[in-house]
There are 2 protein chains.
Amino acid sequence: MTIPRNAVSAKDVAEAAGVSRAAVSRTFTPGASVSPTTRAKVLAAAERLGYHVNHLARGLITAESGIVALIVAELDTPFRSRLLAALTEKLQADGKVAMLINTDRSDESVKGALRQAISYRTDAAVVLSGMPDPALGDLCIRNGLRLVLINREEGRPGALHIRLNDAACGAQAFEALRRIGCVRPAVATSRSATTSLRLRAEGFAHAAEDAGLPATREAIGVTSYAAGLDLGTALLSRSEPPDGIFCTTDLLAFGVLDVARQRFGRRVPEDLSVIGFDDVAQAGWDAYRLTTFAQPVDEISESIVSWLDGNGAADDLVELDAHLVWRDTVSMPSR
Amino acid sequence: MTIPRNAVSAKDVAEAAGVSRAAVSRTFTPGASVSPTTRAKVLAAAERLGYHVNHLARGLITAESGIVALIVAELDTPFRSRLLAALTEKLQADGKVAMLINTDRSDESVKGALRQAISYRTDAAVVLSGMPDPALGDLCIRNGLRLVLINREEGRPGALHIRLNDAACGAQAFEALRRIGCVRPAVATSRSATTSLRLRAEGFAHAAEDAGLPATREAIGVTSYAAGLDLGTALLSRSEPPDGIFCTTDLLAFGVLDVARQRFGRRVPEDLSVIGFDDVAQAGWDAYRLTTFAQPVDEISESIVSWLDGNGAADDLVELDAHLVWRDTVSMPSR
DNA sequence: AACTTGTTTGCACAGGTGTGCAATGCCTGA
DNA sequence: TCAGGCATTGCACACCTGTGCAAACAAGTT
């Protein structure tokens with residue numbers, strides 16, 4: 001049964017303004033041909049009635065809904081929410097609107113999210129969490145929606161891939177620790193390692209091996225503060241505890257720092273140096289003052305928006321650099 | 001010009017399955033009359049072609065898009081992102097989908113967000129940030145979209161209002177401080193005080209006055225960690241610094257704690273007690289262990305979803321209770 | 001066999017919009 | 001005055017779906 005919602009339609013405005021419905025449509029379509037007088041009449045009537053163009057119906061015609069689906073897991077995490085904020089802001093500034101789809105880490109959940117995106121004829125889907133099943137990508141392009149993968153390894157022609165210099169950052173982290181005199185380096189990461197986390201850890205481990213200082217490696221739990229506590233405990237309980245730890249995520253680093261200071265009595269950075277990754281807000285708080293790698297959140301967002309604006313035939317791989325932010329968990333090497 | 005997006009439509013499926021388009025539509029409409037055999041044929045063809053019902057077109061008919069707009073400012077803040085996560089999760093579990101609209105604090109920005117929501121014929125708009133202009137509410141109901149206001153004072157008939165026992169929590173915070181022997185209570189809040197922040201502070205101040213221990217009141221900046229640093233500095237620089245501080249937000253409390261410990265050498269809770277509000281994730285971290293009020297995020301989300309499910313004629317005011325979580329920034333009164 | 005009852009199916013319309021096409025009106029130039 | 005050019009306008013179609021209505025059909029009853 002058709003439920004009347006009594007929303008104002010272009011037909012209403014046309015009658016009120018004494019013009020044809022086409023004139024109303026043209027008034028709200030940039031670049032269409034309307035005379036200034038009818039345009040004024042239409043605008044006046046629209047304002048009076050509270051008319052807003054129905055984007056659903058418009059999307060039916062133009063095949064561009066203006067909606068971009070953001071598929072994200074664990075969005076109440078500091079880094080995720082920051083990326084989300086930047087992304088929605090840039091999208092809106094570009095006249096698009098974000099549809100937020102929350103998933104857990106399961107394949108089925110992401111699949112459902114993509115079906116949702118397709119059902120709403122989303123212009124594109126930005127995947128911030130894992131997309132394991134390669135068949136899903138085909139499903140997307142078959143339904144004409146563009147795909148953006150952030151920090152994912154899987155290659156998919158036609159999709160935009162955004163990657164960071166993760167391995168190089170890992171190597172740089174080791175280099176920073178070596179230069180201040182660390183001799184027992186360690187890398188701490190989570191067990192549910194995504195590609196980017198793995199690359200960071202490997203970059204660190206390889207650089208350490210090349211320098212003749214093989215790194216201890218510990219991987220525990222999911223990427224969370226609690227896992228950081230466990231990682232710190234495991235590392236510092238060893239017979240030869242590390243004097244420098246690279247954490248693949250700030251959340252892990254916070255846990256490591258807290259357990260190192262409070263349970264093991266370590267002074268930072270005198271006894272122990274710690275480096276994180278992401279540069280979330282808490283890394284700048286006085287309780288941590290964490291030396292960490294800043295992800296170029298704004299650049300990530302901008303490159304996504306500009307790719308969406310382009311015809312999509314442009315290069316489908318964007319590599320951006322995270323850069324080290326020096327704070328107080330590593331002594332400055334300038335001595 | 002009509003750009004072909006070559007998405008799979010019901011017509012395509014009908015031809016592939018050798019049935020009428022109506023049969024396809026009925027297959028995907030719960031409760032419609034289709035024989036098992038044609039249903040099977042349709043489902044097989046749909047799966048093969050990758051068909052998904054176009055929710056835009058469906059929304060044009062049923063006048064229910066299934067989209068709920070979430071209008072939120074500063075979503076990269078711990079509490080906001082947690083509420084956002086809970087809300088999207090519950091909405092999805094109920095078969096709806098969230099459209100995320102990011103605003104700054106300006107009136108104009110919220111107005112634009114609401115226009116956006118109307119344009120997409122959103123079923124409802126949930127306002128997490130301020131909505132100052134009363135005329136905007138009329139605009140919403142005139143276009144048939146329902147309104148949910150969280151922690152807002154403005155009364156608007158027909159809209160769902162979700163409120164917390166803010167004033168009572170303020171009083172309870174004072175009571176907790178008084179019971180452990182605080183004699184110089186203070187309340188720290190931000191200058192950009194929303195209604196709920198104001199109620200919390202007033203609840204504290206009134207209870208203090210009633211008890212004959214008038215509270216120092218300080219209001220600085222916006223609700224952020226940095227403002228917390230300034231608040232702590234201002235309060236502890238006084239000639240008679242407080243021995244118990246109620247912060248209207250966890251973010252402020254973290255700043256107060258850090259500056260109290262590191263710059264003023266205060267021990268917590270021996271020299272100074274601190275109580276926050278929100279119970280964000282960081283409040284449970286070892287660096288803070290903040291005693292704070294937990295907002296019932298899940299209940300908030302559930303009551304919104306169930307109100308949306310109902311016909312809306314139900315009670316339009318839901319009052320929920322935040323409850324105190326005891327951690328280590330206030331000594332337990334059990335002695 | 002004829003009739004009744006109930007299920008399934010296709011036709012056709014509605015919902016709100018953008019736009020090609022033809023028609024209308026206005027203005028300029030000769 | 002008339003032709004020609006140009007801006008503006010209205011008609012009608014398309015986009016994709018849900019659903020009322022009548023027709024077709026199957027099955028059971030007398």
Side-chain angles (χ1 to χ4, degrees), chain A residues 1-42 46 49-67 118-123 143-144, chain B residues 1-42 46 49-67 118-122 143-145:
Chain A
M1 174 176 44
T2 301
I3 305 167
R5 186 189 167 133
N6 69 12
V8 186
S9 79
K11 188 177 157 199
D12 303 330
V13 177
E15 291 174 0
V19 297
S20 78
R21 195 191 54 74
V24 178
S25 179
R26 284 191 243 265
T27 300
F28 291 99
T29 305
S33 162
V34 209
S35 75
T37 55
T38 54
R39 178 186 196 81
K41 278 193 291 184
V42 169
L49 298 179
Y51 170 70
H52 290 76
V53 177
N54 187 334
H55 278 54
L56 271 53
R58 170 181 283 179
L60 214 50
I61 296 285
T62 63
E64 289 194 15
S65 61
I67 308 175
I118 293 175
S119 290
Y120 280 97
R121 296 304 188 263
T122 293
D123 288 345
N143 282 83
Chain B
M1 175 176 44
T2 301
I3 304 167
R5 187 190 166 131
N6 69 13
V8 187
S9 79
K11 189 178 156 196
D12 303 330
V13 178
E15 291 174 359
V19 297
S20 78
R21 195 190 56 72
V24 179
S25 178
R26 285 191 242 265
T27 300
F28 290 99
T29 305
S33 162
V34 209
S35 75
T37 54
T38 54
R39 179 186 195 81
K41 277 193 291 185
V42 168
L49 298 180
Y51 171 71
H52 291 75
V53 177
N54 188 336
H55 277 54
L56 271 52
R58 170 181 283 179
L60 212 52
I61 296 286
T62 63
E64 289 193 13
S65 61
I67 308 176
I118 294 175
S119 290
Y120 280 98
R121 295 304 187 266
T122 293
N143 283 84
L145 74 78

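All heavy atoms count here, side chains included; hydrogens, waters and symmetry mates do not.
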Q: Please tell me which of the listed nucleotides, dT8(C), dG10(C), dT8(D), lies nearest to the side chain of R26(B)?
A: dG10(C)
Q: Please name the pair of heavy atoms, one in V34(B) and one in R39(B), separated by the smallest distance, quoted to 0.1 Å.
A: CG1-N, 4.1 Å
Q: Note down the inter-axis angle between the two ends of the helix from dA1(C)-dT30(D) to dA30(C)-dT1(D), five pairs each, to the nearest 10°.
A: 50°
Q. From the list dT19(D), dG15(C), dT17(C), which nucleotide is the closest neighbour of the side chain of L60(B)?
A. dG15(C)
(Q) So F28(B), base contact, sugar-phosphate only, or nothing? Heavy-atom distance under 4.0 Å. (A) nothing
Q: Just call it for V34(B): base, sugar-phosphate, or nothing, with non-hydrogen atoms closer than 4.0 Å on any strand.
A: sugar-phosphate
Q: Find the distance N54(B):CG to dG16(C):C1' and express it as a whole number of Å.
A: 14 Å
Q: Applying ring pair (Phe, Tyr, Trp, His ring centres under 6.0 Å), name anything that partners H55(A), two or more places apart in sequence or on another chain.
A: Y120(B)
Q: Name the closest nucleotide to the T29(B) side chain, picking from dT17(D), dG18(D), dT17(C).
A: dG18(D)
Q) What integer distance in Å separates K11(B):NZ from dA12(C):C1'? A) 15 Å
**Q.** Nearest-neighbour nucleotide for the R58(B) side chain, dT8(D), dG18(D), dG10(D) considered
**A.** dG18(D)
**Q.** From dT9(C), dT17(C), dG15(C), nucleotide with atom closest to I61(B) side chain
**A.** dG15(C)
**Q.** Heavy-atom check, side chain of N54(B) versus side chain of L60(A), under 4.5 Å
**A.** yes
Q. What pair of heavy atoms forms the shortest contact from R121(A) to S65(A), and how long is it?
A. O-OG, 2.7 Å
Q | Atom pair distance, as rounded to whole Å: CZ in R39(A) and C1' in dA7(D) | A | 15 Å
Q: Kindly indicate whether the side chain of S119(B), heavy atoms from C-beta on, has any atom under 4.5 Å from the side chain of V53(A).
A: no
Q: For S9(B), report the nucleic acid contact type (base, sugar-phosphate, nothing); a contact means any heavy atom under 4.0 Å.
A: sugar-phosphate
Q. Closest to the R121(B) side chain: dT17(C), dG10(C), dG18(C)?
A. dT17(C)
Q) Does A22(A) or P36(A) map to a spot on DNA chain D nearer the 5' end, using the closest nucleotide for each? A) P36(A)
**Q.** Most 5' of T37(B) and A57(B) on DNA chain C, judged by nearest nucleotide
**A.** T37(B)
Q: Using a heavy-atom cut-off of under 4.0 Å over every strand shown, decide if A10(A) touches base, sugar-phosphate, or nothing.
A: sugar-phosphate
Q.
At 4.0 Å (heavy atoms only), tell me whether S35(A) reaches a base, stays on the sugar-phosphate, or touches nothing.
A. sugar-phosphate
